[in-house]
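Before any comments, here is the structure.
Order of listing sets the numbers, starting from 1, for every ligand and every atom in it.
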Amino acid sequence: MPLTGPLIRRVHWPLMERFKQNRTRVYINDLREAQNLSIEKLRARQSAKLGQLLEHAVHHVPAYTEFAEEWHASGGSEEPSRFLQRLPQLEKSRFRQEADRYVTIGANPAELIANRTGGSTGEPTRFYLDRPTVERYEAARWLGLSWYGIRIGDPSVMIWGSPIELNRQDARRYQLKERWLKNRLMIPAYDLDQSRIDDHVRTIRRFRPVYLYGYASALALLAEIMLQTGRKLGVPLKAVVSTAETLHDHQRKLIAEAFKAPVVNEYGARDGGIIAYQCPASGMHAFSENCYLEVVDPVTGVQLPDGKTGVLLVTDLYNRVMPRLRYQLGDMLALSPKTCTCGMGYPVLQEIDGRVDDMFVSLNGSFVHGHFINHIIRNMESFRTFQLVQHEPWRLTLRLVKDPEHFRADDEEKVLQGIRSALGDVRVQVEYVEHISPTASGKTRYAIRECPLTVSP
Ligand SMILES: [Zn+2]
């Protein structure tokens, strides 16, 4: 609907600003101005914000008040980022158990915005945000989209898990709000298969989106079905934005080929906000104005230098109602020591390796990224897709979906050899299945570890 975009930009947003004091557009401008600053300047601003956050946390947040004395003793002479390292890492399990201790004393209940993770990879985590924080996350997303010429109110199609928990009336209201206030059409990720493909392509074509947005696996599946069946979208897209899951190279290729548009990686999480966005020069820029990132060794917890992969800790610089300092989001990645060729000052993430839960542990105790299995299987035509589950370090299940036209019996043995060369002499039960089911939230996981990531000394 060509009118909806301008209406949203010229009427809906100004109304939200006037009557709801929504400041998202102000924050977008702040972030846009900051992107042109030098790395040193950005670092100084980040450090000042971190200092203010620590000052708040040690005085008003029960989980951190025990550090007040040390904070005062340091008398502001210590870099806030160094002081932060004295604080423990915050694991999700601990946060869930003691969540109340992270709420700011005297926080106005009317200002608490409740949120929770989907729980696709474990128990849901419940937490509170304040409105400025939510709006700053939104602003970060709009800034990232603006690098591709996408504006507020532009039509998009979202390939997503459906809001299944809503009753019919709420679902209708939700769809109307999506359609008229966000100019967004939803296609449920669990509903993608060959028999529905024509309906989906027709729906997307009629809506004429400027961009697509969705889970990496769902976008890749849609792309794959379109390529296999020779379907074309016929709608020029400014970008296809992948989010919520690691975007693998083979998925990126499929998506780019099917939709003939730049494939953009958005890195964020419900409980971490919009952390980074890929720029047109391919750099994953972290929004250092909104968050402070650290990468630590998964076993010792010691901070790692740029360029080394480890466990990501996120400290949100703004949320004052429930600060989570050094929060373990569950991802493995490396910060890059390099700057991006696009000229923006925002620091760059070198690579996002995926979930800590997707890391396998080998029999000799080393960690192996879940994608190793990707590299093995993607070079074979025998299998359409797969899933590897590590139940115990020595016991795994490999699920394979055959491509009947190209299947070669000896490829199974090659996959097993590859797994054993990475993980040691493990036992692998092979199951041939029709498809790999996504989890309830619509995400599909290729690599799952069910045992702890512990190393024998
Ligand atoms: Zn860049």
| field | Atoms of protein origin (N, O or S) under 2.8 Å from the Zn ion (ligand 1) | value |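 Cys279 SG, His285 NE2, Cys340 SG, Cys342 SG, with waters left out.
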| message | Closer than 3.5 angstrom, by distance alone: can the side chain of Asn319 be matched with the main-chain N or O of Asp130 as a donor-acceptor pair? | response |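 Side chain of Asn319 to backbone of Asp130: a pair is present.
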| task | Look only at the side chain of Lys308 and the backbone of Ala334, and say whether a donor-acceptor pair between them is shorter than 3.5 Å. | result |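 No: the side chain of Lys308 does not pair with the backbone of Ala334.
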I'd like to know if the side chain of [X] pairs up with that of [Y] as donor and acceptor (distance under 3.5 Å, no hydrogens or angles considered).
X: Glu266; Y: Tyr277; value: yes
X: Glu245; Y: Ser217; value: yes
X: Thr117; Y: Arg270; value: no

| field | Short N-O contact, Lys20 and Glu135, less than 4.0 angstrom | value |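 Looking at Glu135 together with Lys20, the answer is no, because their closest N to O distance does not fall below 4.0 Å.
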